[in-house]
Amino acid sequence: MGIQEQLIAWYEQNARTLPWRKSRISSYQILVSEIMLQQTPAARVAPQWQAWIKRWPNAASLANATPAEVIRQWDRLGYPNRALRLHQTAKELVAKHNGKLPSTYDELIALPGIGDYTAAAIIAFAHNKRSVVLDTNIRRVISRVWHGVERPGTSVSSGERQFAESLVPLADESAAKWSIAIMEFGALVCTARDPQCSACPIANTCNWRIAGFPASDIKPKTQKFEGTDRQVRGQIMKLLKDSASSLPKSTLAEVTSDTQQFERALHSLVIDGLVDVTKNGRFQLPK
DNA sequence: AAGACGGGGCT
DNA sequence: AGCCCAGTCTT
């Protein structure tokens, strides 16, 4: 059984019962959930989604609301511009698409508030069609399981997208299931912090796991760097390479008990162009 | 490629 | 105090 089948089977048994996953949910209602879920945990969205759908069950009713009502109903979900864009999209759906969501990526992404992720999600979860869904969960799972790296890069490279596409089953139905399954898996098991590897159905084939991570299970032994500046540099470079391509600064800081020595060595690495420092404090090998 | 944009929960 | 969350839009 391939990883696709394993994670889909896991999903059937372990998926949360979220209100927008019930049957007879319209494409507009899926859209509302996807917009609310942008940068907002599902547990916090659920009650807000219910209230919203009860008040505005379809695009036409939402289109008739005022912006003030929309903002008020949005309450404290955050990023209130999402509510205004959703409102605008509802109007466009009524005006141009018979109150429903269009089915092509280009039409979807042209709507306000719908970017790459949401367009792909609508195609998969509202229309049950094949698409390449790439959210923070899926990117993290692919990075770990297939590439053996804890975190994906800050932006989606073309290679990353192509690889993700290669994992999506060909048939529409299976493709949609795969996307929701790997996403849920990332949200519940392969989490950003404190991943539940002991409950992971694919731990045996996970390259991150095989590489000896997460370090919380295998105690990170602090390592002392000794020798000349050049020798210390070589040791840190080896560490960076072993970790594939990136790791948190906190992890790096633990490798030596002499923080100042470490900072000096790292500084010289950066100066020499041997290591890149990203804005969020991660280190990576230059491309 | 980097910043701005919210708020709440968790460590 | 910092990280993270089913991202999008604008420089």
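Numbered from 1 within each chain, the chains take letters A, B, ... in sequence-line order. This one's a predicted model, so the numbers in the text were calculated from it and none came from an experiment.
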For this session: Tell me which nucleotide among C/dG7, C/dA6, B/dA2 gets nearest to the side chain of A/Thr154.
Result: B/dA2
Seminar exercise, completed: By nearest-heavy-atom nucleotide on DNA chain C, the more 5' of A/Asn137 and A/Gly113 is A/Asn137
For this session: Starting from P on C/dG2, measure out to CG on A/Asp194 and report it in whole angstrom.
Result: 21 Å
For this session: Mind calculating the distance between CG (A/Leu134) and C1' (C/dC5) to the nearest angstrom?
Result: 17 Å
Seminar exercise, completed: note: A/Leu84, atom CG; C/dT8, atom C1'; distance rounded to Å ~ 14 Å
For this session: Would you classify A/Ala192 as touching base, sugar-phosphate or nothing, given that sugar-phosphate means primed atoms plus P, OP1 and OP2, and contacts are heavy atoms under 4.0 Å?
Result: sugar-phosphate
Exercise. Between A/Glu92 and A/Thr89, does any side-chain donor sit less than 3.5 Å from a side-chain acceptor?
Worked result: no
Exercise. Base, sugar-phosphate, or nothing: which does A/Arg85 touch, judged by heavy atoms less than 4.0 Å apart?
Worked result: sugar-phosphate
For this session: Using the P atom as the reference point in each nucleotide, state the distance between B/dG8 and C/dT8 in Å, no decimals.
Result: 22 Å
For this session: To the nearest Å, give me how far apart OH (A/Tyr11) and P (C/dA6) are.
Result: 13 Å
Seminar exercise, completed: Whole-Å distance, A/Ile109 CD1 to C/dT8 C1', equals 10 Å
Problem set entry | Whole-Å gap separating P (C/dA6) and CZ (A/Phe185) | 14 Å
Exercise. Base, sugar-phosphate, or nothing for A/Arg140, non-hydrogen atoms under 4.0 angstrom?
Worked result: sugar-phosphate
Problem set entry | Parallel, tilted or perpendicular, as decided by the 30° and 60° cut-offs, for the rings of A/Phe163 and A/Trp146 | perpendicular
Exercise. Distance check: side-chain N/O of A/Asn81 vs OP1/OP2 of B/dC5, anything under 4.0 Å?
Worked result: no
Problem set entry | Common cluster, A/Tyr105/A/Leu101, ILVMFWY with side-chain heavy-atom separation under 4.5 Å | yes
For this session: Evaluate side-chain hydrogen bond (donor to acceptor under 3.5 Å, both in side chains) for A/Arg140 paired with A/Thr191, printing each intermediate quantity in order.
Result: CA-CA 8 Å; A/Arg140 183 177 58 247; A/Thr191 49; over 6 Å; no
Problem set entry | Phosphate OP1/OP2 of C/dA6: any A/Thr136 side-chain N/O under 4.0 Å | no
Problem set entry | Closest to side chain of A/Pro80, choosing from C/dA6, B/dG6, B/dA2 | B/dG6
Under 3.5 Å, N/O pairs linking protein and nucleotides 7-11 of chain B:
unit_1	atom_1	unit_2	atom_2	d
B/dG7	N2	A/Arg44	NH2	3.3
B/dG7	N3	A/Arg44	NH2	3.2

For this session: Report whether A/Ile35 and A/Ile71 are members of the same hydrophobic cluster (ILVMFWY, side-chain heavy atoms less than 4.5 Å apart, transitive linking).
Result: no
Problem set entry | Atom pair distance, as rounded to whole Å: CG in A/Asp135 and P in C/dC4 | 15 Å
Exercise. What nucleic acid atoms does A/Thr191 come within less than 4.0 Å of, heavy atoms only: base, sugar-phosphate, or nothing?
Worked result: nothing
Exercise. Is A/Trp20 close to A/Leu18 at the side-chain level, that is, under 4.5 Å between some pair of heavy atoms?
Worked result: yes
Exercise. Any luck finding a side-chain donor-acceptor pair between A/Gln38 and A/Tyr117 under 3.5 Å?
Worked result: no
For this session: Please assess A/Arg130 against A/Asp172 for the test salt bridge (charged side-chain N to carboxylate O under 4.0 Å, His left out), listing each intermediate value before the final yes or no.
Result: CA-CA 5 Å; A/Arg130 187 172 189 272; A/Asp172 287 326; over 6 Å; no
Exercise. At under 4.0 Å between heavy atoms, what does A/Trp74 touch on the DNA or RNA strands: base, sugar-phosphate, or nothing?
Worked result: nothing
Exercise. Can you tell which of C/dG7, B/dG6, C/dA6 lies closest to the side chain of A/Arg82?
Worked result: B/dG6
Problem set entry | B/dG3 versus C/dA6 - spacing of their P atoms, nearest Å | 24 Å
Exercise. Quick one: A/Gln38 CD to B/dC5 C1', roughly how many Å, whole number?
Worked result: 12 Å
Exercise. When we call it a touch if two heavy atoms are under 4.0 Å apart, what does A/Ser33 touch: a base, just sugar-phosphate, or nothing?
Worked result: nothing
